[in-house]
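Presented below is the structure to which this report refers.
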Amino acid sequence: MAFRKAVKGTLIGGGAVATAFGLSQLFEYRKNQARLAYVEAQGELKVPFKDALPTREEQLSTLRNTEEFDVLVVGGGATGSGCALDAVTRNLKTALVERSDFSSGTSSRSTKLIHGGVRYLQKAIMKLDYEQYMMVKEALHERANLLNIAPHLSAPLPIMLPVYKWWQLPYYWAGIKMYDLVAGSQCLKSSYVLSKSKALELFPMLKKDKLVGAIVYYDGQHNDARMNLAITLTAARHGAAIANYTEVVHLLKKPDPKTGQEKVCGAHCRDIITGQEFDIRAKCVINATGPFTDSLRKMDSQKTANICQPSAGVHIIIPGYYSPDNMGLLDPATSDGRVIFFLPWEKMTIAGTTDTPTEVTAHPIPVEDDINFILSEVRNYLSPDVEVRRGDVLAAWSGIRPLVTDPNSKNTQSICRNHIVNISDSGLVTIAGGKWTTYRSMAEETLDAAIKAHKLSAGPSRTVGLMLDGGKDWTPTLYIRLVQDYGLENEVAQHLAATYGGRSFEVAKMAQVTGKRWPIVGKRLVVIELLQLLHVGRWFPV
């Protein structure tokens, strides 16, 4: 009976999605052709700071002394940095402030995946939900773009979906193939089915009992914290004035000369390091503060209703022997109906995530219940020979996902599955919700709305295909040149190439001579085990 329902839903939903797929593919093709024609006609963008970037002091001086910016972005996460990059490449005078460090919040505490969302596509098919289908399609387009513009920080990753019931094999296979189909020409690699023996060969830690086979599909994996920083640095190289550890104390307002209504015209800021306060004036202020969205909205108007519904996503780090080096695992249906990923990362293994309501805080801490829940789900899929122990949890982190309700919707209690762009009566532009993968398209939509609302002079977005800092001169064999030219250890050279890309030579030049026969240069700052842990994200030893 369950098989019939699944197949029936898949066939009916699949037909509807296939129709929508064809129309959306045509629309997307025309849209991309028009955009590429515009970019080609404009030629290469000017990059004022190709080599040395301005210091933080110089950036702060620019923020203090510029009479008026076109755009001031508040928030230095992926979305805020994406907005700054989109704005500055449209030749808008752009500023960005972040009260902590760039990517210190949710943007560095993700699952490290660049993905369209297999489970969202399943819901789109089963519920004939066109909006959800388009959300997946947009994410898959952005996945391909992100892999292209930052190849040193991202790569395709095969993910295995183990199957333990015969009827699930065709059901999951149809769904994964639809995922490939929606990606179209931007499909990373075609998914495929594995026999039980082949699945165990590739993932020997897998539970053998009742295993029927497995399906392998491809998504992207990236270094989220470094990716965020690359976006920020790229914006700075194109001329955006950016500063971290700079908080907004309150918003600046002035009366509209035509209506007399108070309009946001900038922000009064404080340099957290020195305590110095100053004004930044701008024609448009963009609120891209993630979980702290409502805090800035309240600065605009105390009467504004909250729209953020914070949810905690916990991940744990366990030793690398829990998973193969080049294969992830997806648990499509946990005991409470959620999805758990089990992924190789920096010679370790990431497992997560949870999705539980939480309070907004600058430093969320993973709770024991969430850690134990993840361990329990991992235990369900691994062989009894592999003892899943609480003591194996090396680190854990919690990121606050800013789910939002649409303030323009009649049903204000309904959580928006995508992102929202809202413009207040005073002109404050808020971008909230969404996911890491779609940061660029979210930024584009936000700037389009801001330009229209504030009558700014700017052309279309130019960030599709725009290489991020370090990506332009990177090649898969770049680390070999580092070894040969500078005498670095192979492991250190690979780390530099995968972190700084084409700019890794600048880092290598700063390395100290070891005084040894080999390696010639490159005294390690920390032991490699600690380096690996620090590299996985904002973490807490547990």
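Note that these values count all heavy atoms, side chains included, but never hydrogens, waters or copies made by symmetry.
- Minimum interatomic distance between Ala230 and Leu153 (heavy atoms only, all atoms of both residues): CB-CD1, 3.9 Å.
- The local environment of NZ in Lys298 is crowded, with over 12 non-hydrogen atoms from other residues, nucleotides or ligands closer than 6.0 Å.
- Here the closest heavy-atom approach between residue Gln186 and residue Ala144 is recorded as CB-CB, 3.7 Å.
- Nearest heavy atoms, Pro332 versus Val339: O-CG2, 3.8 Å.
- Between Asp448 and Lys452, no side-chain nitrogen of the basic residue sits less than 4.0 Å from a carboxylate oxygen of the acidic one, so the salt-bridge criterion is not met.
- Counting only heavy atoms from C-beta outward, the side chains of Pro162 and Leu211 approach each other to under 4.5 Å.
- Between Arg56 and Tyr245, some side-chain heavy-atom pair lies under the 4.5 Å cut-off.
- Here Thr289 pairs with Asn287 under the side chain to side chain donor-acceptor pair (under 3.5 Å) rule; sequence neighbours left out.
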I would like to know whether Asp300 and Lys253 meet salt bridge (charged side-chain N to carboxylate O under 4.0 Å, His left out); could you show each step before the answer? CA-CA 9 Å; Asp300 180 27; Lys253 291 188 177 183; 3.0 Å; yes
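- Side-chain contact between Leu121 and Met178 is present, with heavy atoms from C-beta onward closer than 4.5 Å.
- Met227 is listed as a side-chain neighbour of Leu146, based on a closest heavy-atom distance under 4.5 Å.
- With values rounded to the nearest 0.5 angstrom, Glu138 atom CD is found 6.0 Å from Asn418 atom CG.
- For Thr94 against Val88, the heavy-atom pair with the smallest separation is OG1-N, 3.3 Å.
- Atom CG of Asn380 is surrounded by more than 12 heavy atoms from other residues, nucleotides or ligands within 6.0 Å.
- Asn148 pairs by the side chain to side chain donor-acceptor pair (under 3.5 Å) definition with nothing, not counting sequence neighbours.
- In this view, Phe342 satisfies the ring pair (Phe, Tyr, Trp, His ring centres under 6.0 Å) rule with no residue, not counting sequence neighbours.
- In this structure, a donor-acceptor pair under 3.5 Å is present between the side chains of Tyr171 and Gln122.
- Remark: of the listed residues Thr446, Asn422, Val285, Thr446 is the sole one forming a side chain to side chain contact (heavy atoms under 4.5 Å, CB included) with Val429.
- Using a 4.5 Å heavy-atom threshold, the side chains of Leu92 and Ile451 count as touching.
- Rounded to the nearest 0.5 Å, atoms CD1 (Ile371) and CD1 (Ile374) are 7.5 Å apart.
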Kindly list each side-chain donor-acceptor pair under 3.5 angstrom involving residues 154-161, sequence neighbours excluded, with atom names and distances?
unit_1: Ser154; atom_1: OG; unit_2: Ala150; atom_2: O; d: 2.8

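- Judged by distance alone, with hydrogens and angles left aside, the side-chain atoms of Ser108 form a donor-acceptor pair with the main-chain N or O of Gly105 at under 3.5 Å.
- Using a 4.5 Å cut-off on side-chain heavy atoms (C-beta onward), Leu85 and Leu468 make contact.
- Residues that satisfy the side chain to side chain contact (heavy atoms under 4.5 Å, CB included) test with Pro291, not counting sequence neighbours, are Thr106, Val360, Ile400, Pro402.
- Under the rule for a side chain to side chain contact (heavy atoms under 4.5 Å, CB included), the partners of Lys263 that lie at least two apart in sequence or sit in another chain are Asp256, Gln261.
- In this structure, Asp129 contributes its side chain and Gln132 its backbone to a donor-acceptor pair below 3.5 Å.
- The side chain to side chain contact (heavy atoms under 4.5 Å, CB included) search around Ala243 returns Leu60, Leu63, Thr246, not counting sequence neighbours.
- Between Trp436 and Tyr439, the ring-plane angle classifies as perpendicular under the 30° and 60° cut-offs.
- The distance from atom OG of Ser107 to atom CG of Asn228, rounded to the nearest 0.5 Å, is 4.5 Å.
- Every ring pair (Phe, Tyr, Trp, His ring centres under 6.0 Å) that Tyr179 has, sequence neighbours left out, goes to Tyr217.
- Looking only at side-chain heavy atoms (C-beta outward), Met327 and Leu206 stay at 4.5 Å or farther from each other.
- Counting only distance, with no hydrogens or angles, the side chain of Ser110 and the backbone of Lys112 share a donor-acceptor pair below 3.5 Å.
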Under the side-chain hydrogen bond (donor to acceptor under 3.5 Å, both in side chains) criterion, do His115 and Gln221 qualify, and how do the steps go? CA-CA 8 Å; His115 62 130; Gln221 188 176 46; over 6 Å; no
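- Between Gly117 and Val136 the shortest heavy-atom distance is O-CG2, 3.9 Å.
- Within the structure, ring-ring contact (aromatic ring centres under 6.0 Å, His included) contacts touching residues 293-316 (residues at least two apart or in different chains) are His315-Trp397.
- For the atom pair OG of Ser426 and CE of Met299, the computed distance is 13.0 Å after rounding to the nearest 0.5 Å.
- Atom OG1 of Thr358 sits about 14.0 Å away from atom CZ of Arg401, to the nearest 0.5 Å.
- With contacts defined as side-chain heavy-atom distances shorter than 4.5 Å, the pair Asp392/Val388 does not qualify.
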Criterion side-chain hydrogen bond (donor to acceptor under 3.5 Å, both in side chains) on Glu142 and Thr437, from CA distance to verdict: CA-CA 6 Å; Glu142 294 301 323; Thr437 307; over 6 Å; no
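- Across Ile423 and Ala449, no two heavy atoms sit closer than the pair CD1-O, 3.7 Å.
- Between the CG atom in Asn223 and the OG1 atom in Thr499 there is a gap of 6.5 Å [rounded to 0.5 Å].
- The side chain to side chain contact (heavy atoms under 4.5 Å, CB included) check on Lys165 picks up Trp167, Gln168, with sequence neighbours excluded.
- The pair Asp469-Arg226 fails the salt-bridge criterion, with no side-chain N (NZ, NE, NH1 or NH2) lying under 4.0 Å from an Asp/Glu carboxylate O.
- The salt bridge (Lys or Arg N to Asp or Glu O under 4.0 Å) contacts involving residues 348-372 comprise Glu368-Arg390, where partners must be two or more places apart or lie in separate chains.
- A distance-only check finds no donor-acceptor pair linking the side chain of Thr438 to the backbone of Met442 [under 3.5 Å].
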Let me see the working for Asp180 and Ser191 under side-chain hydrogen bond (donor to acceptor under 3.5 Å, both in side chains), right down to the final yes or no. CA-CA 7 Å; Asp180 290 348; Ser191 58; 2.7 Å; yes
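- Applying the side chain to side chain donor-acceptor pair (under 3.5 Å) rule to pairs touching residues 323-332 yields Ser323-Thr349, Asp331-Tyr381, sequence neighbours excluded.
- A salt bridge does not link Lys189 to Asp219: none of the charged nitrogens lies less than 4.0 Å from a carboxylate oxygen.
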